Amino acid sequence: MNANELTIAAARDALRKGELTAVDLTMSCLTAIDAGDPLNAFVHKTPEIALEQARAADARLASGDAPAMCGIPLGIKDLFCTKGVASQAASNILKGFKPEYESTVTTKLFDAGAVMLGKLNMDEFAMGSSNETSCYGDVVNPWKVDERRLTPGGSSGGSASAVAADLCLGATGTDTGGSIRQPAAFTGIVGIKPTYGRVSRWGVVAFASSLDQAGPMTKSVRDAAIFLGAMSGHDPKDSTSAELAVPDFEAALTGDIRGKKIGIPREYRMDGMPDEIEALWAKGREMLKDAGAEIVDISLPHTKYALPAYYVIAPAEASSNLARYDGVRYGHRARLAQGDGITEMYEKTRAEGFGKEVQRRVMIGTYVLSAGFYDAYYNRARKVRALIKRDFELAFADGIDAILTPATPSSAFGLGEMASADPVQMYLNDVFTVTVNLAGLPGVSVPVGLDAKGLPLGLQLIGRPWEEGDLLNHAHVLEQAAGFVAKPSKWW
Amino acid sequence: MSIDIDTARKVAHLARIRVEEADLPALAGELSGILTFMEQLNEVDVDGIEPMTSVTPMRLKRRADVVTDGDIQGKVLANAPDAREGFFAVPKVVE
């Protein structure tokens with residue numbers, strides 16, 4: 001086994017025992033990253049930074065002062081601002097942008113001794129479910145069962161592909177409507193979106209501020225617990241960051257869920273849902289029941305309206321957030337013609353810099369916020385959002401500890417296969433995950449099995465607000481019962 | 001609610017995104033499709049429901065109104081496409 005194939009937990013233990021050095025571990029990942037170029041996951045490699053951080057981590061390990069993430073090589077989604085390193089949200093409009101500051105999440109990770117291997121591909125401004133909207137080109141899923149190249153999902157597709165292919169031990173992701181959980185499910189890894197406010201958004205390029213949360217993407221639930229602990233915590237620079245202590249998430253992994261009540265929401269049984277997804281969901285229920293949990297049928301009646309509400313709210317917020325890309329302070333500015341004024345500069349810059357999907361969402365957001373339509377669309381969507389959140393509150397008030405659902409409506413599909421579909425077809429990928437963002441809850445995707453084609457499928461567990469530890473414990477039980485150990489065979 | 005070509009042109013301008021005339025019909029069609037999808041929200045009874053303003057029950061925090069950083073003009077301008085004499089430069093705004 002090569003060192004880059006280790007889990008974070010195994011690497012941590014080996015580093016602390018002196019069986020492995022952070023430099024050797026980092027070198028192993030850097031070699032894998034170069035060999036992994038056909039996946040197009042790493043788009044800005046930072047080997048010098050990685051080796052310098054690894055050497056510092058080794059010194060710290062030697063001194064005995066080593067937090068869990070010390071010496072652990074990670075990939076960082078391109079959405080995070082990293083000082084002096086290209087951070088362009090996979091958009092041409094931020095071409096050449098090198099932040100003068102470091103995001104809070106990466107600051108925390110580096111303070112904990114983690115190593116940055118480079119920046120990871122993603123959908124442009126995190127808008128997409130297949131990683132086909134990136135200015136860097138498509139990311140390829142390491143899972144391959146025929147001649148087709150498959151999507152790793154999106155928007156954190158580079159993160160998912162890199163972790164699944166063992167290019168790094170873990171990666172940061174962000175999740176606005178499912179962008180951690182859907183790609184995790186498509187690549188057979190674990191991804192958790194924490195409670196809104198658990199992880200600072202400062203220095204993360206904003207898409208939809210009331211929905212965005214960063215989280216870890218890892219090879220195991222234990223790794224997710226360790227990694228999440230290092231990312232979390234109050235940040236005075238993010239006014240929506242919660243002033244709550246960060247519990248020891250790893251310590252919550254007791255493996256005991258006896259007597260816990262698991263809700264099965266009937267509204268997640270969609271018309272036309274593939275039998276394999278249905279069967280996987282049933283298998284998950286059995287696993288949790290066998291572990292001593294009680295399975296309870298519940299109703300979340302407004303589920304059906306989550307996607308349309310999301311596709312009002314997220315573009316509305318995006319149209320405001322992306323107004324800052326105007327060709328004045330950073331990034332791309334269009335070449336202007338004689339006599340062009342400031343309006344032409346804005347319009348040409350944004351037409352050249354934003355890709356089609358981003359343009360579409362900015363315009364939809366502009367429309368739903370415009371005079372005369374604000375109440376009909378935006379305010380109505382915010383009311384429906386309140387009802388979606390109330391559905392969950394009522395379920396938890398009835399004593400439900402966690403909710404089990406499918407993570408995605410299918411396994412990974414082929415790159416380009418959705419190209420001729422209308423945009424709404426792509427949006428349906430987020431049907432099971434988007435409710436969780438609207439309600440601000442924590443949700444985790446766990447790999448549970450393979451479909452008939454041999455591609456990974458995941459289940460999602462949704463937890464109570466701020467109870468990521470308990471949620472991860474449920475996920476840990478599911479992971480142990482499923483015993484998912486399959487890995488993609490190396491073709492790249 | 002469907003979006004016609006004039007509305008598409010207006011939305012593109014409000015969003016400050018140049019769209020060529022030839023591309024407006026396709027854009028109008030796409031935006032209409034997305035809006036049709038959103039029409040489902042009209043089925044929901046939202047009487048007496050307050051629009052959500054904060055997903056977690058918290059008050060936005062306040063801090064003392066003091067300067068917390070500054071004197072970083074070089075850093076602020078470092079990524080500008082056109083910076084001159086300590087300022088962001090843009091095309092002529094006032095005639």
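The sequence lines fix the lettering, A, B, ..., with proteins before strands; numbering per chain opens at 1. Bear in mind the structure is a predicted one, so any value in this text is a computation, not a measurement.
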Chain B contacts, top residue of Tyr346(A), Tyr330(A), Tyr305(A) (heavy-atom pairs, under 4.5 Å):
Tyr305(A)
Examine whether an atom of Phe37(B) lies under 4.5 Å from a heavy atom of chain A, and if so say whether it belongs to the side chain, the backbone or both; otherwise answer neither.
both
Which of Pro423(A), Ala309(A), Ser319(A) touches chain B most, by non-hydrogen pairs under 4.5 Å
Ala309(A)
Interface moiety of Leu441(A) toward chain B, non-hydrogen atoms closer than 4.5 Å
neither
Please lay out, stage by stage, how Ile17(B) and Glu347(A) fare under the test side-chain contact (heavy atoms from CB on, under 4.5 Å).
CA-CA 4 Å; Ile17(B) 296 174; Glu347(A) 291 185 345; over 6 Å; no
Gap between atom CE of Met38(B) and atom OH of Tyr311(A) - 0.5 Å precision:
9.5 Å
Could you tell me which of Ile72(B), Val11(B), Leu27(B), Asp82(B) has the largest number of non-hydrogen atom pairs under 4.5 Å with chain A?
Val11(B)
Residues Val46(B), Arg380(A); criterion side-chain contact (heavy atoms from CB on, under 4.5 Å); working and verdict:
CA-CA 7 Å; Val46(B) 293; Arg380(A) 174 166 282 268; 3.8 Å; yes
Heavy-atom nearest pair, Tyr196(A) first then Thr56(B), reads O-CG2, 3.6 Å
By a 4.5 Å heavy-atom criterion (distance strictly below it), what part of Met363(A) contacts chain B: side chain, backbone, both, or neither?
both
Between Arg18(B) and Glu352(A), is the closest basic N to carboxylate O distance under 4.0 Å?
no
Measuring heavy-atom distances to chain A, does Ala83(B) have an atom under 4.5 Å in its side chain, in its backbone, in both, or in neither?
neither
Should Lys92(B) and Ile342(A) be marked as a side-chain contact (heavy atoms from CB on, under 4.5 Å) after you check the CA-CA gap, both sets of side-chain angles, and the distance that decides it?
CA-CA 7 Å; Lys92(B) 196 169 170 184; Ile342(A) 192 130; over 6 Å; no
Does some side-chain heavy atom of Leu307(A) sit less than 4.5 Å from a side-chain heavy atom of Gln40(B)?
no
With a 3.5 Å distance limit and no angle check, can you tell me whether Arg329(A) reaches the backbone of Val76(B) through a side-chain donor-acceptor pair?
no
Interatomic spacing from CZ in Arg382(A) to CD1 in Ile49(B) - rounded to 0.5 Å
13.5 Å
Contact class of Val328(A) relative to chain B, heavy atoms under 4.5 angstrom:
both
Between Thr68(B) and chain A, which part of the residue has a heavy atom less than 4.5 Å away: side chain, backbone, both or neither?
neither
Please look at Ala439(A) and chain B and tell me whether the side chain, the backbone, both or neither of the residue comes under 4.5 angstrom of a heavy atom of that chain.
backbone
Among Ile34(B), Thr53(B), Asp45(B), who wins on heavy-atom pairs under 4.5 Å with chain A?
Ile34(B)
Contact part of Ser241(A) toward chain B, heavy-atom cut-off under 4.5 Å: side chain, backbone, both or neither?
backbone
At a heavy-atom separation under 4.5 Å, does Tyr101(A) approach chain B through its side chain, its backbone, both, or neither?
neither
Using side-chain contact (heavy atoms from CB on, under 4.5 Å), reason through Tyr367(A) and Leu14(B) one step at a time and then give a plain yes or no.
CA-CA 9 Å; Tyr367(A) 181 78; Leu14(B) 282 173; over 6 Å; no
Taking only Lys NZ, Arg NE, NH1 and NH2, and the carboxylate oxygens of Asp or Glu, determine whether Glu50(B) and Lys383(A) approach each other closer than 4.0 Å.
no
Given a strict heavy-atom distance threshold of 4.5 Å, which part of Asn379(A) is in contact with chain B: side chain, backbone, both, or neither?
both
Counting heavy-atom pairs under 4.5 angstrom with chain B, the leader among Val384(A), Asp326(A), Ile364(A) is Ile364(A)
How about Arg385(A) and Val55(B): do any of their side-chain heavy atoms sit closer than 4.5 Å?
yes
Could you give the distance from NZ (Lys356(A)) to CD (Glu30(B)), rounded to the nearest 0.5 Å?
8.5 Å
Correct closest heavy-atom pair for Val424(A) and Gly33(B) would be CG2-O, 4.2 Å
When rounded to the nearest 0.5 angstrom, what distance separates CE in Met52(B) from CD1 in Ile388(A)?
8.5 Å
Find the distance between CZ (Arg16(B)) and CG (Leu322(A)) and round it off to the nearest 0.5 Å.
15.5 Å
Flag the one option from His332(A), His302(A), Lys304(A) with the top tally of heavy-atom pairs under 4.5 Å to chain B.
Lys304(A)
For the interface with chain B, which of Glu344(A), Lys348(A), Glu100(A) has the highest count of heavy-atom pairs at distances below 4.5 Å?
Glu100(A)
Answer yes or no: are there more than 12 heavy-atom neighbours, outside Phe87(B) itself, under 6.0 Å from its atom CZ?
no
Contact leader toward chain A among Ala80(B), Ala89(B), Gly29(B), Pro81(B), where contacts are heavy-atom pairs under 4.5 Å
Pro81(B)
